[in-house]
Amino acid sequence: MKEITSAIQLIPLQHYIILSVTLFSIGMMGVLFRRNIIAILMCLELMFNSANLLLAAFSAYHSDPSGQVFVFFIMIVAAAEVAVGLSIVVMMKRNVESVDINLLNRLKW
Amino acid sequence: MVFLFYFLSAIMVISALLVVFSKSPINNVIYLIICFIAMAGHYILLNAQFLAVVHIIVYTGAIMVLFLFVIMLLNLNKAIIPQKSAATRILAVVTGGIFFLVLIAATRQTFVITPRYAFTSEIGLVANVGKTLFHEFLLPFEISSVLFISAMVGAVMFGKRDHTSDEL
């Protein structure tokens, strides 16, 4: 138990930054890569969570719980975002009978 | 214990890549759940025990089940959606790689971290997070309930069958 709670002192903060940058890039790549709107929402969740991880890492390095409260607020916003986003997906499926984002290109021009 | 960090990071990156590259929506959700469980392990390593529990409950317990529920409700696991063209896909990967390199280069040497407080391993316990939440962040916490109500109303509005749009 003692090793787990003090393991963070052995890992440099740079490694957490690199990990969350990697996850954010993968999420952004997924948003550009996929056509399924549900997969795009999942990649958005990935990007949210990379920011969460970085906030928790900085909070742990400064020994300040404010960062963890921010992560809590981001989780609240993500839950609300997913509820609205998935209801938009249901509405889209009902109106155009598909979840392909290329069918929603009328907003592009 | 340092080994655990690299192990969890490898699981997270591989399953995140599989979320992007596997085709079936059900597999995407499963890989994302694996990624989130590994992230809960990271939170425990970061002494954020409360966040680890909330992350498991909220993300893997509620949000991912909601995704699965919508996929099964709309019967999307059989729907074939054509992929983007090869050029667009290659450009997406290149853009992601360049973005990654730029962020790495920007954050590589800029941060000199000097901790604000002396190290304690108890910041993530429920007592400490709760004290901070209800002393310094009480007003944002109450306002987030308004956000939730508006999200609920919005979800019901979108989910309701709209009789005026039948002619579209």
Side-chain angles (χ1 to χ4, degrees), chain A residues 3-11 13 15 17-19 21-26 28-30 32-36 38-39 42-43 45-46 49 53 56-57 59-66 68-69 71-73 75-80 82-84 86-91 93 95 99-100, chain B residues 1-2 5 9 12-13 16-17 19-20 25 28 32 39 42-48 51 54 58 63 66-67 70-71 74 76 81 83-84 89 92-93 95-96 99-100 103-104 107 113 115-121 123-124 128-129 132-133 136-137 140 144 147-148 151 154-155 158-159 168:
Chain A
E3 298 115 57
I4 288 182
T5 53
S6 60
I8 182 166
Q9 291 176 299
L10 304 174
I11 305 164
L13 183 57
H15 291 192
I17 293 176
I18 290 172
L19 174 64
V21 163
T22 310
L23 284 176
F24 194 89
S25 308
I26 292 173
M28 199 190 77
M29 189 176 78
L32 297 173
F33 193 87
R34 301 297 298 266
R35 267 172 80 173
N36 189 339
I38 290 186
M42 280 190 260
C43 293
E45 291 300 312
L46 212 58
N49 276 286
L53 183 67
S59 151
Y61 272 88
H62 287 287
S63 294
D64 186 355
S66 304
Q68 301 191 358
V69 176
V71 175
F72 189 66
F73 282 123
M75 282 179 184
I76 292 174
V77 173
V82 163
V84 175
L86 284 177
S87 66
I88 288 177
V89 171
V90 173
M91 190 182 72
K93 173 80 174 172
N95 284 340
V99 287
D100 187 353
Chain B
M1 287 305 136
V2 180
F5 170 79
S9 306
M12 275 182 76
V13 171
L17 283 173
V19 169
V20 174
N28 286 341
L32 200 54
M39 184 169 271
H42 269 302
Y43 282 145
I44 289 174
L45 271 186
L46 283 169
N47 294 322
L51 277 188
V54 170
V58 171
I63 291 181
L66 202 60
F67 270 107
V70 168
I71 287 171
L74 299 183
L76 291 178
I81 291 171
Q83 285 192 313
K84 286 187 175 174
R89 276 182 286 155
V93 174
T95 309
F99 185 72
F100 173 71
L103 278 187
I104 289 289
T107 58
I113 306 292
R116 263 182 78 189
Y117 303 111
F119 178 78
T120 60
S121 61
I123 53 161
N128 293 323
V129 175
T132 312
L133 180 59
E136 295 168 42
F137 297 95
S144 67
L147 174 75
F148 257 125
F158 280 130
L168 279 177

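Throughout, a chain's letter reflects where its sequence line sits, starting with A, and its residues are numbered from 1.
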Participant: Work out which heavy atom in B:Pro25 is nearest to a heavy atom in A:Asn36; give both atom names and the distance.
Facilitator: CG-ND2, 3.8 Å
Participant: Of the backbone (N, CA, C, O) and the side chain (C-beta and beyond), which part of A:Leu53 lies under 4.5 Å from a heavy atom of chain B, both, or neither?
Facilitator: both
Participant: Report yes if some heavy atom in the side chain of B:Val19 is under 4.5 Å from a heavy atom in the side chain of A:Ile26; otherwise report no.
Facilitator: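 Heavy-atom side-chain distance check fails, nothing below 4.5 Å.
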Participant: Can you tell me which portion of A:Leu13 sits under 4.5 Å from chain B's heavy atoms? Options are side chain, backbone, both or neither.
Facilitator: side chain
Participant: Using a cut-off of under 4.5 Å for heavy-atom pairs, which of A:Met91, A:His15, A:Arg35 has the most such pairs with chain B?
Facilitator: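 Among A:Met91, A:His15, A:Arg35, the one with the most close pairs to chain B is A:Arg35.
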Participant: With a 4.5 angstrom heavy-atom cut-off, could you sort out which part of A:Met28 is near chain B: side chain, backbone, both or neither?
Facilitator: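 Only the side chain of A:Met28 comes within 4.5 Å of chain B.
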Participant: Step by step, work out the side chain to side chain contact (heavy atoms under 4.5 Å, CB included) result for B:His42 and A:Leu19.
Facilitator: CA-CA 11 Å; B:His42 269 302; A:Leu19 174 64; 3.5 Å; yes
Participant: Any chance you could lay out the side chain to side chain contact (heavy atoms under 4.5 Å, CB included) test for B:Val20 and A:Met29, step after step, and finish with the verdict?
Facilitator: CA-CA 8 Å; B:Val20 174; A:Met29 189 176 78; 4.3 Å; yes
Participant: Do you know which of A:Val84, A:Leu10, A:Thr22 has the most heavy-atom pairs with chain B at a distance under 4.5 angstrom?
Facilitator: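 Of the options given, most contacts go to A:Thr22.
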Participant: I'd like to check the side chain to side chain contact (heavy atoms under 4.5 Å, CB included) partners of A:Val69; sequence neighbours left out, ordered by chain and number.
Facilitator: A:Phe73, B:Val129, B:Thr132, B:Leu133, B:Phe137
Participant: Which heavy atom of B:Ala16 sits nearest a heavy atom of A:Leu46, and at what distance?
Facilitator: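 So the two residues come closest at CB-CD2, 3.7 Å.
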Participant: Using heavy-atom distances under 4.5 Å, tell me whether B:Tyr43 contacts chain A through its side chain, its backbone, both, or neither.
Facilitator: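 Looking at B:Tyr43, just its side chain touches chain A.
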Participant: My understanding is that only residues two or more places apart in sequence, or in another chain, count here; which of them pass side chain to side chain contact (heavy atoms under 4.5 Å, CB included) with B:Leu66?
Facilitator: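 B:Leu66 satisfies side chain to side chain contact (heavy atoms under 4.5 Å, CB included) with A:Val82, A:Leu86 only.
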Participant: Quick one: what part of A:Ile76 sits under 4.5 Å from any heavy atom of chain B, side chain, backbone, both or neither?
Facilitator: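 Both the backbone and the side chain of A:Ile76 come within 4.5 Å of chain B.
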